[in-house]
Amino acid sequence: MAHWARTATGHAREAGTAVVAKTLHVLEATAARRRILREEAAQQESLPESETAAYRAYQELLLKAIDDPQLAMVIDTFDVEVPEVMRRQLLFAHALYTNAVLSYRTGVFSSPELFGHLRIMIQNPVFRAYWDAPRHQRASLHETSPESRIGLMVDDLVQQLDDMDFEEWWVVGEPPADLG
């Protein structure tokens, strides 16, 4: 066999080995991701149907308050006077946040996925205003409650984003392996 043929065959084998190695790496990463999701799902209690229904009812009430300024006044817990348009925006930000938390609590989002969604939401100035407004209310939550743990995660992320000195906000923070 000519030298060039042996060299080409050797390169083909090396390329084939590299493809197989890369494929195995992808399969291992996928299997690890599935394993993590299964473990998280097993650790998270499935929300009782009544709690899921309560979340949905709360979302419906929020949407009614967004549509009706007089109803919005009833659930407005902001410490400062807020113009109607801003109040509607803050209530909608709250609806987005509670939807993300419900998605996590029901197993639709993993902890890292919730972290990623919230990291994106924090980039919006209206959401940031929403997050800052009820800080004292979050401080009153029992520290072991899921809402408290999620709130502390977001507070930490906000602090890291405020402290960063570069533009790539999407790389800030380390997603938690588990919030439970």
Side-chain angles (χ1 to χ4, degrees), residues 36-164 169-170 172-180:
I36 289 170
L37 289 174
R38 276 195 307 272
E39 289 170 3
E40 268 195 1
Q43 287 176 356
Q44 286 181 354
E45 294 178 36
S46 178
L47 288 181
E49 195 65 34
S50 60
E51 192 170 346
T52 303
Y55 266 109
R56 287 192 182 115
Y58 183 69
Q59 288 287 350
E60 288 178 26
L61 292 171
L62 274 176
L63 294 176
K64 285 181 181 182
I66 290 168
D67 289 338
D68 185 338
Q70 310 211 318
L71 295 178
M73 294 297 294
V74 175
I75 63 172
D76 182 348
T77 59
F78 305 112
D79 288 336
V80 295
E81 186 70 25
V82 179
E84 180 183 330
V85 171
M86 182 67 158
R87 181 180 304 111
R88 292 178 75 194
Q89 292 172 335
L90 294 173
L91 290 172
F92 188 75
H94 182 61
L96 289 175
Y97 174 74
T98 57
N99 184 62
V101 170
L102 175 62
S103 295
Y104 167 71
R105 301 270 320 267
T106 58
V108 174
F109 291 167
S110 65
S111 296
E113 288 168 329
L114 175 64
F115 180 86
H117 282 278
L118 293 173
R119 180 170 49 196
I120 291 168
M121 292 165 68
I122 288 169
Q123 300 311 305
N124 182 288
V126 173
F127 186 85
R128 183 68 77 95
Y130 153 74
W131 190 255
D132 290 338
R135 183 173 300 280
H136 65 283
Q137 294 170 358
R138 285 194 312 278
S140 70
L141 295 172
H142 192 275
E143 64 187 29
T144 61
S145 73
E147 289 81 6
S148 177
R149 290 190 306 268
I150 293 167
L152 291 171
M153 176 191 72
V154 176
D155 287 341
D156 184 53
L157 182 57
V158 166
Q159 186 63 51
Q160 290 178 48
L161 288 165
D162 287 346
D163 292 346
M164 73 179 204
W169 57 265
W170 54 90
V172 172
E174 185 65 31
D178 183 25
L179 288 168

Could you pull out the closest heavy-atom pair between [X] and [Y], with the gap in Å?
X    : Y    : result
L118 : A100 : CD2-CB, 4.4 Å
E147 : R105 : OE2-NH1, 3.1 Å
A65  : A72  : O-CB, 3.3 Å

To the closest 0.5 Å, what do you measure between CD1 (I66) and CG (L61)? 11.0 Å
If you round to the nearest 0.5 Å, how far is NZ of K64 from CG of D67? 10.0 Å
With the side chain counted from C-beta on, respond yes when S148 and T144 share a heavy-atom pair under 4.5 Å apart, and no when they do not. no
Heavy-atom side-chain contact between R128 and D162 under 4.5 Å: yes
Main-chain N/O of [Y] paired to [X] side chain as donor or acceptor, under 3.5 Å:
X    : Y    : value
T98  : H94  : yes
S145 : H142 : yes
R138 : W131 : yes

Going by atom types only, do D156 and Q160 share a side-chain donor-acceptor pair under 3.5 Å? yes
Q123 vs L161, side-chain contact (heavy atoms from CB on, under 4.5 Å): CA-CA, chis, key distance, verdict: CA-CA 9 Å; Q123 300 311 305; L161 288 165; 3.5 Å; yes
Tell me every residue that passes ring-ring contact (aromatic ring centres under 6.0 Å, His included) with F127, counting only those two or more places apart in sequence or in another chain. Y130
